[in-house]
There are 4 protein chains.
Amino acid sequence: MTNIAILVGRIARDPETRTTQGGTTVTTISLVTDRPARDKEGKTYKDENGYTAKDSEFHRVTCFNGLGQNVAKYCSKGQLVSLEGRIHYTQWNDQDGNKRYGCEILADKVDFLSRPNRSDNQDAPPIDED
Amino acid sequence: MTNIAILVGRIARDPETRTTQGGTTVTTISLVTDRPARDKEGKTYKDENGYTAKDSEFHRVTCFNGLGQNVAKYCSKGQLVSLEGRIHYTQWNDQDGNKRYGCEILADKVDFLSRPNRSDNQDAPPIDED
Amino acid sequence: MTNIAILVGRIARDPETRTTQGGTTVTTISLVTDRPARDKEGKTYKDENGYTAKDSEFHRVTCFNGLGQNVAKYCSKGQLVSLEGRIHYTQWNDQDGNKRYGCEILADKVDFLSRPNRSDNQDAPPIDED
Amino acid sequence: MTNIAILVGRIARDPETRTTQGGTTVTTISLVTDRPARDKEGKTYKDENGYTAKDSEFHRVTCFNGLGQNVAKYCSKGQLVSLEGRIHYTQWNDQDGNKRYGCEILADKVDFLSRPNRSDNQDAPPIDED
DNA sequence: TTTT
DNA sequence: TTTT
């Protein structure tokens, strides 16, 4: 059944990557999407710096295997990215034995809409995400 | 910036609806999307009842105003529904003062793909969701 | 770059399928999506049969390989289907040498939301579309 | 019923805009989405200039009313844009009386992902698309 | 050309 | 926690 998330936003910090015991690469990014904030009358307004105020959402996005490797290699803080994936909910018990819930986007495809910002990636080639 | 969720699934339980002090109707539904579960070899398998095993996601979906009223009126447990909205994260402090996080889909449109199941809605007309 | 079409609708007629010289299965379906028609005041209205009048779009959807085989096998006229794909434009010269243009959806996934209607498929199992 | 197109691409030429007799602004843009081209083995390859070869789709996108006005005002050739809309098919008779068919995306939202390129728009403010 |  |  259809469970699709489509996001275009900026990478909030450099990706985190790890390899599972089974050899799977798992890369996590934080992606910010924002939209104009509205006051009670439904109108947009400026923030103290003169920019249109906005409401931001910070999405936790997880990428596996080859996609995870590419994202870890070519993706960096500040980059503009579009991606497609599905919404997945997680749960676990915290140290106090309380049930905790999380939500993440499991990405199927990631497209890079701006060049990498990391100094060590200045000539990174465009990547094909699948 | 693009933040779109598109879901097709079944309503897990009858909607809950309330009205804020400001007069806004807020209706919440739990929507289940599922996909075939895969074993370690990536193959689908049967559960103990002979059905293809599945992984289910339970989405919390919130509908405001007229859409919230229609969903409260015409939507019921078991119904097949398609919807479009955006992903929104919430946070609050629990009774122990710990920060807690939640995730919900704020729906823009809801389409009913099967007839209502509630006895009191047998002749509910098809609704136009916007 | 993102090019995504997401459709939920009914199959307008039984699928057509063929195999290319290279052995690729190519199955084509006609999918109808509709939305409430609106009059000049932007209001919905009833047709002569008492149903809410609607505007219909007939999408040409193409499915390749295994997906094409499944769709040919299990899909039939009248079935409710959700699908994801991308928009593709074609062009060719007609018999008079005029350039002609077409548009089709190349499907990546197809989900069956209702049982098949064909008498020879009454006990077709649910299919996994990828 | 769900009929959603989501596109991220570049504007191929400056928008064309007109006003109907009824006073509706209608703006049309050509949006290019591309993806890596694949050879028969399914691998990407380089073109004669050393770039990864790509397959391009040129979408005709139509925007009405306020959205049409904003797009006409702030949008220009070369700009990177993300948009959401629905697929619509048109038909008409050509000068020889033959039935001709077209396809366009009727946009609901347009987001500008890069600054305008037109010299007369250098200090255009960011726009809110709805 | 579908279905309610 | 991003960017304009």
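Reminder, nothing fancy here: chain letters follow the sequence lines and each chain counts from 1. Note: hydrogens, waters and symmetry copies are ignored here, and every other heavy atom, side chains too, is used.
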I need the [atom1]-[atom2] distance between [X] and [N], as an integer number of Å.
X	N	atom1	atom2	result
Phe112(D)	dT4(F)	CZ	P	18 Å
Gln79(D)	dT4(F)	CD	C1'	13 Å
Asp55(C)	dT2(E)	CG	P	17 Å
Lys46(A)	dT4(F)	NZ	P	16 Å
Leu113(A)	dT4(F)	CG	P	14 Å
Met1(D)	dT2(E)	CE	P	13 Å
Leu80(A)	dT1(F)	CG	P	21 Å
Lys77(A)	dT2(F)	NZ	C1'	8 Å

Which of these nucleotides, [options], is closest to any side-chain atom of [X]?
X	options	result
Tyr51(C)	dT2(E), dT4(E), dT2(F)	dT4(E)
Arg115(D)	dT4(E), dT1(E), dT4(F)	dT4(F)
Val32(C)	dT2(E), dT1(F), dT4(F)	dT2(E)
Ser56(A)	dT4(E), dT2(F), dT2(E)	dT2(F)

List for me each residue that meets side chain to side chain donor-acceptor pair (under 3.5 Å) alongside Glu16(A), sequence neighbours excluded, and say none if there are none.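 Checked Glu16(A) against side chain to side chain donor-acceptor pair (under 3.5 Å); zero matches.
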
Quick one: side chain to side chain donor-acceptor pair (under 3.5 Å) partners of Tyr89(D), sequence neighbours excluded?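 Listed in chain order: His59(C).
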
Nearest-0.5 Å distance, CG of residue Asp108(B) to CG of residue Leu83(B):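 It is 9.5 Å, given to the nearest 0.5 Å.
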
With hydrogens left out and only the distance checked, is there a donor-acceptor pair under 3.5 Å joining Arg10(A)'s side chain and the base of dT3(F)?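 For Arg10(A), whose side chain was compared with the base of dT3(F), there is no donor-acceptor pair (under 3.5 Å).
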
Give a yes or no on whether a salt bridge exists between Arg100(A) and Asp94(A), defined as a side-chain N under 4.0 angstrom from a carboxylate O.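 Looking at Asp94(A) together with Arg100(A), the answer is yes, because their closest N to O distance falls below 4.0 Å.
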
